[in-house]
Amino acid sequence: MSTSKMIYVDVKGAVNRPGVYALRSGLRIQDALTKAGGITASADSNHVNMAQQVNDQQVVYVPTKGEVTTPIGESSTETSDADSSTGPIINLNTATKEQLTQITGVGDKKADLILQYRQEHGQFKTVDDLKEVSGFGDKSVANIKDQLAV
């Protein structure tokens with residue numbers, strides 16, 4: 001009996017055939033892009049983690065060369081904000097466990113809880129949805145909000 005469940009991924013941007021694709025759970029972004037006919041000549045694949053596993057309801061966006069984006073794992077140098085943000089902006093919906101542990105105060109256990117929440121409830125709609133995860137209250141979410149995106 002096969003246990004591979006199907007998930008749906010929305011592929012957008014500089015790909016030959018943008019759209020929603022059904023993939024087997026456990027496949028990678030590279031597989032989703034292959035389903036979408038590959039990337040276009042104008043695509044900037046340096047901003048896409050090809051090895052990342054895809055999740056149900058995930059958006060995979062491939063920017064074009066010259067498009068203002070933040071490379072995976074780096075903070076944008078284009079912002080003029082002089083705030084106290086020390087690390088990269090972490091997307092709660094696409095981050096790996098390793099990326100989640102870069103958030104101030106998030107260790108292995110809390111990262112696992114975030115991943116578990118995403119698996120059970122789908123994507124976070126707002127950063128404040130993090131309060132639904134055990135171990136995150138109003139105060140802790142407020143302290144790390146500037147490090148997060150959805």
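Small disclaimer: the values here were computed from a predicted structure and weren't measured.
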L27, V60, D31, D56 screened by side chain to side chain contact (heavy atoms under 4.5 Å, CB included) with V9, the one that passes: V60
Taking NZ, NE, NH1 and NH2 as the nitrogens, is one of them in K145 or D128 under 4.0 Å from a carboxylate oxygen of the other? yes
Shortest non-hydrogen separation from Q123 to V59 and the atoms involved: NE2-N, 4.2 Å
Atom NZ in K125, atom CG in N93: separation rounded to 0.5 Å? 8.5 Å
How close do P63 and A14 get, counting heavy atoms only, and between which atoms? O-CB, 3.9 Å
Does any N or O in the side chain of K110 come within less than 3.5 Å of the main-chain N or O of L100, such that one atom is a donor and the other an acceptor? no
Full working for side-chain contact (heavy atoms from CB on, under 4.5 Å) between I90 and Q102: CA-CA 8 Å; I90 306 295; Q102 294 175 18; 3.9 Å; yes
Is the shortest heavy-atom distance from the side chain of M50 to the side chain of R28 under 4.5 Å? no
Rounded to the nearest 0.5 Å, what separates atom CG in L130 from atom CG in L148? 6.5 Å
To the nearest 0.5 Å, atom CD of Q58 lies from atom CG of N55 at 5.0 Å
First locate atom OG1 of T64, then atom NE2 of H47, and finally report the distance between them rounded to the nearest 0.5 Å. 9.5 Å
Please give me the minimum heavy-atom distance between A32 and V54, naming the atom from each residue. CB-CG1, 4.4 Å
Spacing of E132 atom CD and Y117 atom OH [to the nearest 0.5 Å]: 5.0 Å
Sidechain-backbone polar pair: R118 side chain, F124 backbone, donor-acceptor under 3.5 Å: no
Which value, rounded to the nearest 0.5 Å, describes the distance between L113 atom CG and D108 atom CG? 11.0 Å
Work out which heavy atom in N16 is nearest to a heavy atom in G37; give both atom names and the distance. ND2-O, 2.6 Å
Working for side chain to side chain donor-acceptor pair (under 3.5 Å), residues T104 and Q147: CA-CA 8 Å; T104 304; Q147 300 175 50; 2.9 Å; yes
Begin from the C-alpha positions of Q116 and E120 and carry the test side chain to side chain donor-acceptor pair (under 3.5 Å) through to its verdict. CA-CA 6 Å; Q116 181 183 347; E120 293 172 2; 3.1 Å; yes
Salt bridge or not between D129 and K131? Use side-chain N to carboxylate O under 4.0 Å. no
Work out which heavy atom in K97 is nearest to a heavy atom in A111; give both atom names and the distance. CG-CB, 3.9 Å
For N91 and V150, which heavy atoms make the closest approach, and how far apart are they? ND2-C, 3.7 Å
